Amino acid sequence: MNISFENPDKINGVLKVTIEKDDYQGEVDKTLKNYRKQANIPGFRKGQAPIGMIKRQFGAQVKMDVINKMLGEKLNGYIIDNKIAMLGNPLPNAAQVEQDLEKDGPFEFVFDIAVAPEINVEINDKDTIDHYSIEVDDKLVDQQVDMFRSRSGHYDKVDSYDAAQNDMLKGDLRELDADGNAKEDGIVVEQAVLMPEYIKVEDQQKLFDGAKVGSVITFNPKKAYPENNAEIKSLLKISDEQAEALESDFTYLVTEVSRFIKADVNQELFDQVYGEGNVKDEADFRQKVADSIKAQFANDEEFKFMLDLRKYAENKVGELTFPEELLKRIMKSNNPDKDDKFIEDNFAASVNELKWSLIKDSLLKSNNVKVDKDDVLKVCKDVARMQFAQYGMSNVPDEYLDNYVQQMMKDEKSFEPYVERASDVKLAEALKKVVKLNEKTVSLDEFNKLMSEK
């Protein structure tokens, strides 16, 4: 077997593999003998069919399988042994001649190899990169405390409806005829829940102002919710067709007025949010809230740092030359259901991500950063903890988080982004110890504005 590799322009490589009869024949004969042992051919006992018959029936397929397997192994082995920085997969050369496997060979296979451009990037203590910290002010703490109060709130019955309090009504709905009387066989909904604040049209909404238990309000659902029929269907318990055709007025007999009361800021709320006995007073509670917000911001701050690091490193590396035509062929091969326009429209973004991937790999190696399973597990656990925190669950036991993470890891496709995230986290940690950090403290609004800038 002979393997040669040519790479005159450093990025477009051509790899040739020549396979002789002596390279594959031994494995073919061995495989055919195994076929013979297992073959059940009419007229012969199992394993006793003539080898010539086995060769005639299975020889061509076996030879093809053996050559393809050998080709794949030798091709990959050569690329690894010779440290060829390949992008994508090898593609058959356009000049590749179809091989006649009925003959004994030699067989020559030619592949195009996209080779990564050489990367020479070094980040050291002479480099300065911005690092942003988001200030957790009283306004943010107040908003989070208010959210906790809302989640732990309850409804109390009140005498009359107040639009400013976003009260909730409960009552009986009855459809009216054209004369304003209860329609025979009309729509009736008892104990219908209605929140006037969600009525889309102001004149219909104001009909409910000051409503009390026993009040009867006449309104038109179609006029109240003109944008779509979803609210009408839900309120009246009717079908799409009925909602579309509906024009009637309805009476609404109020049977109950309820007002949402947010929870008081007291020990009961502290225990609900952070566990019993973990917060002693309001000042302690607000500090824990601030710390929780800061912990949630940490991921955003690190993400911003990685964006700035990427931009800095890409500018430092400058333009890279890629084998564009070959990469487009590889992209097409990986997306067989897409047309040429898709390839052209997405090629620049793909190359941009490829450039960063090469730079990142170089930085990981030069800073001796390695990612193991524990690193990925930690990232998964941090993500899970943040997700629970968004729903007000700030005191989730580690055992529950561990079980949740194990479920996350079972889905390989969903798991892959966490590997990338873990490498970003470790690379950021390593480089923050190397570069000069230009520390900047900004408000959340200022930070969001920075993140929205291209």
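Note that the structure is a prediction, hence the values are computed from the model and not measured.
In this structure Lys170 satisfies the side chain to side chain donor-acceptor pair (under 3.5 Å) test with no other residue, sequence neighbours excluded. Among residues two or more places apart in sequence or in another chain, the salt bridge (Lys or Arg N to Asp or Glu O under 4.0 Å) test is passed with Lys432 by Glu302. In this view, Asp375 and Lys426 satisfy the side chain to side chain donor-acceptor pair (under 3.5 Å) rule, not counting sequence neighbours. Here Glu282 pairs with nothing under the side chain to side chain donor-acceptor pair (under 3.5 Å) rule; sequence neighbours left out. Evaluation of the ring-ring contact (aromatic ring centres under 6.0 Å, His included) rule for Phe250 yields no partner, not counting sequence neighbours. Residues meeting the side-chain contact (heavy atoms from CB on, under 4.5 Å) test with Asn12, sequence neighbours left out: Asp9, Pro323, Leu326.
Checked for salt-bridge contact, Asp156 and Arg259 miss the test: no charged N lies under 4.0 Å from a carboxylate O. Checked for salt-bridge contact, Lys304 and Asp308 meet the test: a charged N lies under 4.0 Å from a carboxylate O. Ion pairing between a basic and an acidic side chain is recognised when a charged N comes within 4.0 Å of a carboxylate O; Lys328 and Glu344 show such pairing. Using a cutoff of 4.0 Å between basic side-chain nitrogens and carboxylate oxygens, Glu27 and Lys69 are not scored as salt-bridged. Taking the charged nitrogens against the carboxylate oxygens, Glu353 and Lys360 have no contact shorter than 4.0 Å, which rules out a salt bridge. In summary, Asp382 and Lys378 engage in a salt bridge, as defined by a charged side-chain N under 4.0 Å from a carboxylate O.
Side-chain atoms of Asn220 and Gln204 form no donor-acceptor pair, as typed in the model, at a separation below 3.5 Å. For Ser292 and Tyr274, the side-chain atoms include at least one donor-acceptor pair closer than 3.5 Å. Side-chain contact check for Glu256 and Ser258: at least one donor-acceptor pair (N or O, by modelled atom type) lies under 3.5 Å.
With values rounded to the nearest 0.5 angstrom, Arg310 atom CZ is found 10.0 Å from Asp424 atom CG.
A donor-acceptor contact shorter than 3.5 Å links the side chain of Ser366 to the backbone of Ser362.
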